[in-house]
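Input: a single structure, listed below in structure tokens.
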Amino acid sequence: LGTDPLTPNFATSFLNAGAATDTGADVFTAIETDGLGNWVTAWRSNEDLSGAIGSDYDILTARSVDNGTTWSAPIALNTNADVDAATDYWPPVLRTDRQGVWIAAWPTSADIGGTIGADQDIVIARSLDNGATWSSPTVIDPGAATDSGTDEKVALGYGGGVFVAIWQSDDGPSGPDFEIRVTRSADSGLTWSAPISLTANSSEDTLP
């Protein structure tokens, strides 16, 4: 590096400032930009942020407002991190409408204040200030209160004023095999449509 004048030799550094002394594992990263200088990253961690949250796996996040030159101190993206004892799985996914609204989605076994079961469901959190603060996690599938299957591997897209979430699930009439489910939000992630299956024969196929 540094031999090409068009390729600056940037020094690497720790994004989470406590990396030299903390003992938690930071894994499974995601990152997104609005193309306007704002960047948000999130990852899965069992770091307790000096006792501010528990040592179970939660979703941490940091943001940059200067195209990644400097980063904020990590905070818990899932605002229930100080009280839950559940596992937040896999890397979160992030999308923005480039107007200050950001959506994060991830699978969790948290019961969301006792409102749903302890099986693995997909939750989202919203930020209306470019990732500075986040809403409490909410489920995007109204069936989460009664289902008992596994929802995982979520992806998010945005276009034309609509956020779309897609994930794999073994809940529903198809039985124990996994199907692809999709839901959409036209109000910046505040409400979501009833999920539908993208697999036309989901009620009769049995393949994984």
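We're numbering straight along the sequence, starting at 1. Given the structure is predicted, the values throughout are model-derived calculations rather than measurements. These values consider heavy atoms only, across backbone and side chains, with no hydrogens, waters or symmetry-generated copies.
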- Check: D34 and W102 side chains under 4.5 Å, non-hydrogen atoms: yes
- S197 side-chain N/O to R181 backbone N/O, donor-acceptor pair under 3.5 Å: no
- Task: Return the minimal non-hydrogen interatomic distance between W106 and P92, and the atom names on each side.
- Result: CB-CA, 4.0 Å
- Same cluster or not: are V164 and L198 linked, directly or through other Ile, Leu, Val, Met, Phe, Trp or Tyr residues, by side-chain heavy atoms under 4.5 angstrom apart? yes
- Item | Result of checking D88, I75, T29, I53 against L60 for side chain to side chain contact (heavy atoms under 4.5 Å, CB included) | I53
- Single-linkage hydrophobic cluster, 4.5 Å side-chain cutoff, Y57 and L77 together: no
- Query: Taking R63 for the side chain and N130 for the main chain, is one N or O donor matched with an acceptor at less than 3.5 Å?
  - Reply: yes
- Query: Would a distance-only check, ignoring hydrogens and angles, find a side-chain to backbone donor-acceptor pair under 3.5 Å from R95 to L156?
  - Reply: yes
- Query: Taking C-beta and beyond as the side chain, do D141 and I122 meet within less than 4.5 Å on heavy atoms?
  - Reply: no
- Could you tell me whether the side chain of T183 and the main chain of S193 form a donor-acceptor pair under 3.5 Å? yes
- Query: Any side-chain heavy atom of T79 sitting closer than 4.5 Å to one from P137?
  - Reply: yes
- Hey, are the side chains of F163 and I124 touching, using non-hydrogen atoms and a 4.5 Å cut-off? no
- Message: In this structure, would I103 and W167 fall into the same cluster of hydrophobic residues linked by side-chain contacts under 4.5 Å?
- Response: yes
- Query: Can you find a pair of side-chain heavy atoms, one from Y158 and one from R98, that are under 4.5 Å apart?
  - Reply: no
- Can any side-chain N or O of S55 pair as donor or acceptor with the backbone N or O of D48 at less than 3.5 Å? no
- Message: If I compare all heavy atoms of L49 with all of A76, which pair ends up nearest, and what's the gap?
- Response: CD1-N, 4.0 Å
- Item | Residue pair I196, V182: steps toward the side chain to side chain contact (heavy atoms under 4.5 Å, CB included) verdict | CA-CA 6 Å; I196 61 172; V182 63; 3.5 Å; yes
- Message: I need the minimum non-hydrogen distance between A30 and T41, along with the two atoms involved.
- Response: O-OG1, 2.8 Å
- Query: Does a donor on one side chain sit under 3.5 Å from an acceptor on the other, for S127 and D129?
  - Reply: yes
- Do the non-hydrogen side-chain atoms of D151 and P107 ever get within less than 4.5 Å of each other? no
- Item | S109 side chain to T87 backbone, donor-acceptor under 3.5 Å | yes
- Taking Q120 for the side chain and T108 for the main chain, is one N or O donor matched with an acceptor at less than 3.5 Å? no
- Query: Are R44 and F28 in a cation-pi setup, meaning NZ or CZ lies under 6.0 angstrom from the ring centre and within 45 degrees of the ring axis?
  - Reply: no
- Task: In sequence, state the C-alpha distance, the side-chain angles, and the governing distance for I112 and T138, and then conclude on side chain to side chain contact (heavy atoms under 4.5 Å, CB included).
- Result: CA-CA 7 Å; I112 311 300; T138 58; 5.9 Å; no
- Item | Where A144 and I116 come nearest, the two heavy atoms and their spacing | O-CB, 3.6 Å
- Note on the structure: Heavy-atom closest pair (V101 atom, L128 atom, distance to 0.1 Å) is CG2-CD2, 3.9 Å
- Taking the side chain as C-beta and beyond, is there a heavy-atom pair between D56 and D58 under 4.5 Å? yes
- Shortest non-hydrogen contact from I59 to A42? CG2-CB, 4.2 Å
- Message: Are the side chains of V40 and E32 in contact, using a 4.5 Å heavy-atom criterion?
- Response: no
